[in-house]
**Q** 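If you scroll down you'll find the structure; I have some questions about it.
Labels below follow one simple rule: chain letters A, B, ... track the order of the sequence lines, proteins then strands, and each chain is numbered from 1.
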Amino acid sequence: MSIDLVQLKQQQVEYAKRIILRDEFNFTIPKLIGGTDVGFEDGGRVTRAAIAVLSYPNLELLDYQLVKMPTTFPYIPGYLSFREYPALVAAWQKITHKPELLFVDGQGTAHPRGLGIASHLGLLLDIPTIGVAKKRLYGQYQPLAELPLSSEPLLNKAAKTQIGYVLRSKAKCNPLFVSAGHRISQLSALNWVLTCLKGYRLPEPTRFADAIASNKPLFKKWLTSKDKS
DNA sequence: GCGACAG
DNA sequence: ATCTTGTCGC
């Protein structure tokens with residue numbers, strides 16, 4: 001079984017046309033916000049997908065899902081979603097109280113064809129999503145100020161359009177690449193990330209999903225404190 | 001032709 | 001992403 005990248009590329013182009021970059025949260029406040037993170041085991045043969053469910057505006061971890069399944073697609077820059085979405089969709093289906101807004105680890109529209117994993121997943125699940133990536137995949141930007149919470153537009157120079165933001169989420173840390181996923185505006189995506197920052201480089205939904213997927217102290221602490229209550 | 005390249 | 005200890009800086 002081989003991979004037809006030409007066909008998948010065309011699929012991305014078609015899907016990208018369906019992405020909605022209109023804000024649906026200007027007058028609606030979510031009660032639940034989710035975050036995703038994906039990891040791998042056994043040399044990449046097993047995919048681990050975590051979804052964290054947080055309350056809003058308290059941003060406390062309420063629930064989570066962690067699913068493992070065989071990896072079916074390699075990592076190819078620009079085609080990350082085909083590797084990670086099956087496990088994420090499976091985790092999503094197991095969640096009882098669905099978040100109304102999902103922070104996805106990876107790009108949204110800041111992608112060569114405007115369909116990063118955040119946009120792709122948002123379209124598949126038909127929910128508002130925001131792309132929060134730790135590295136740049138596509139786009140150019142001006143030097144970013146050191147001042148915390150400063151940002152720069154991320155641009156598609158060829159098309160002369162903005163595709164996201166580069167955000168200094170914490171002092172002396174590498175910036176985040178924030179872009180709209182689906183059913184949200186670019187500026188609103190940035191504002192929601194700012195709203196969910198709590199003094200760490202990653203916004204809370206992403207930080208908890210990361211802790212769950214990698215079984216970090218933050219998550220272990222939550223598990224034990226949950227036992228007692 | 002060469003370098004860049006989410007996780 | 002993952003393999004991994006100490007270490008530098010705030």
**Q** Just by distance, no angles: are the side chains of A/Thr71 and A/Thr47 close enough, under 3.5 Å, to form a donor-acceptor pair?
**A**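 Yes, a side-chain donor-acceptor pair sits under 3.5 Å.
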**Q** Any base atoms under 4.0 Å from A/Tyr79, or only sugar-phosphate, or nothing? Heavy atoms, all strands.
**A**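 Result for A/Tyr79 = base.
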**Q** In whole angstrom, what separates A/Gln107's CD from B/dC5's C1'?
**A**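 Distance, rounded to whole Å: 11 Å.
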**Q** Would you say that more than 12 heavy atoms from the other residues, nucleotides or ligands in this model lie under 6.0 Å from the NZ of A/Lys98, or not?
**A**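 Buried by this count: over 12 neighbours within 6.0 Å.
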**Q** Starting from the C-alpha separation in whole Å, work towards a yes-or-no answer on ring-ring contact (aromatic ring centres under 6.0 Å, His included) for A/Tyr85 and A/Trp92.
**A** CA-CA 10 Å; A/Tyr85 85 68; A/Trp92 176 262; over 10 Å; no
**Q** Contact class for A/Gly43 (heavy atom, under 4.0 Å): base, sugar-phosphate, or nothing?
**A**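 Nothing, no nucleic acid heavy atom in range.
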**Q** Between A/Arg136 and B/dC5, does any side-chain N or O lie under 4.0 Å from OP1 or OP2?
**A**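 Indeed, a polar side-chain atom of A/Arg136 lies that close.
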**Q** Under 4.5 Å between side-chain heavy atoms, counting indirect links through other Ile/Leu/Val/Met/Phe/Trp/Tyr residues: same cluster for A/Leu66 and A/Leu202 or not?
**A**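 As far as the 4.5 Å side-chain criterion goes, A/Leu202 and A/Leu66 are connected within one cluster.
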**Q** Expressed in angstrom and rounded to an integer, what is the separation of A/Phe177 atom CZ from B/dC5 atom P?
**A**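 That distance rounds to 10 Å.
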**Q** Compare every heavy atom of A/Gly139 with every heavy atom of A/Leu154, then report the nearest pair and how far apart it is.
**A**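 Shortest heavy-atom separation between A/Leu154 and A/Gly139 comes out as CD1-C, 3.7 Å.
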**Q** Once you round it to whole Å, what is the distance between P of B/dA6 and CG of A/Asp37?
**A**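 After rounding, the reported distance stands at 15 Å.
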**Q** Between A/Tyr75 (OH) and B/dA6 (P), how many Å, whole number?
**A**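 Nearest whole value for this atom pair: 4 Å.
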**Q** At 4.0 Å (heavy atoms only), tell me whether A/Ile76 reaches a base, stays on the sugar-phosphate, or touches nothing.
**A**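 The answer is nothing, as A/Ile76 stays clear of every strand by at least 4.0 Å.
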**Q** Any carboxylate oxygen within less than 4.0 angstrom of a Lys/Arg side-chain nitrogen, looking at A/Lys31 and A/Glu100?
**A**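 Salt bridge absent between A/Lys31 and A/Glu100.
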**Q** Between P on B/dA6 and CG on A/Leu154, what's the gap in Å once rounded to a whole number?
**A**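 For the pair A/Leu154 CG and B/dA6 P, the rounded distance is 13 Å.
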**Q** Could you write out DNA chain C as dot-bracket? Rules: Watson-Crick or G-U wobble, both distances under 3.5 Å, brackets [ ] for crossings, | for pairs with another strand, dot for unpaired.
**A** ..........
**Q** Which is it for A/Phe73 and A/Tyr79 under the ring-ring contact (aromatic ring centres under 6.0 Å, His included) test, yes or no, and what are the steps along the way?
**A** CA-CA 9 Å; A/Phe73 198 92; A/Tyr79 299 86; 7.4 Å; no
**Q** Rounded off to whole Å, could you give me the CG-to-C1' distance for the A/Asp210 and B/dG7 pair?
**A**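 That distance rounds to 12 Å.
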**Q** Would you tabulate the nitrogen or oxygen pairs shorter than 3.5 Å linking the protein to nucleotides 8-10 of chain C?
**A**
none

**Q** Respond yes when some side-chain nitrogen or oxygen of A/Arg48 is under 4.0 Å from OP1 or OP2 of C/dT2, and no when none is.
**A**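 Result: yes.
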**Q** Specify the separation, in whole Å, of atom CG of A/Asn156 and atom P of B/dA6.
**A**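 Distance, rounded to whole Å: 17 Å.
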**Q** State, without any angle test, whether A/Gln7 and A/Gln11 hold a side-chain donor-acceptor pair at a distance under 3.5 Å.
**A**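 Note: A/Gln7 and A/Gln11 side chains miss the donor-acceptor criterion.
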**Q** B/dA6 P sits how many Å from A/Leu115 CG, rounded?
**A**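 Whole-Å distance recorded here is 16 Å.
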**Q** Tell me if the NZ atom of A/Lys198 is crowded by more than 12 foreign heavy atoms within 6.0 Å.
**A**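 Enclosed.
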**Q** Looking across every strand, which nucleic acid part, if any, lies under 4.0 Å from A/Gly39 by heavy atom: base, sugar-phosphate, or nothing?
**A**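 Sugar-phosphate, no base atom in range.
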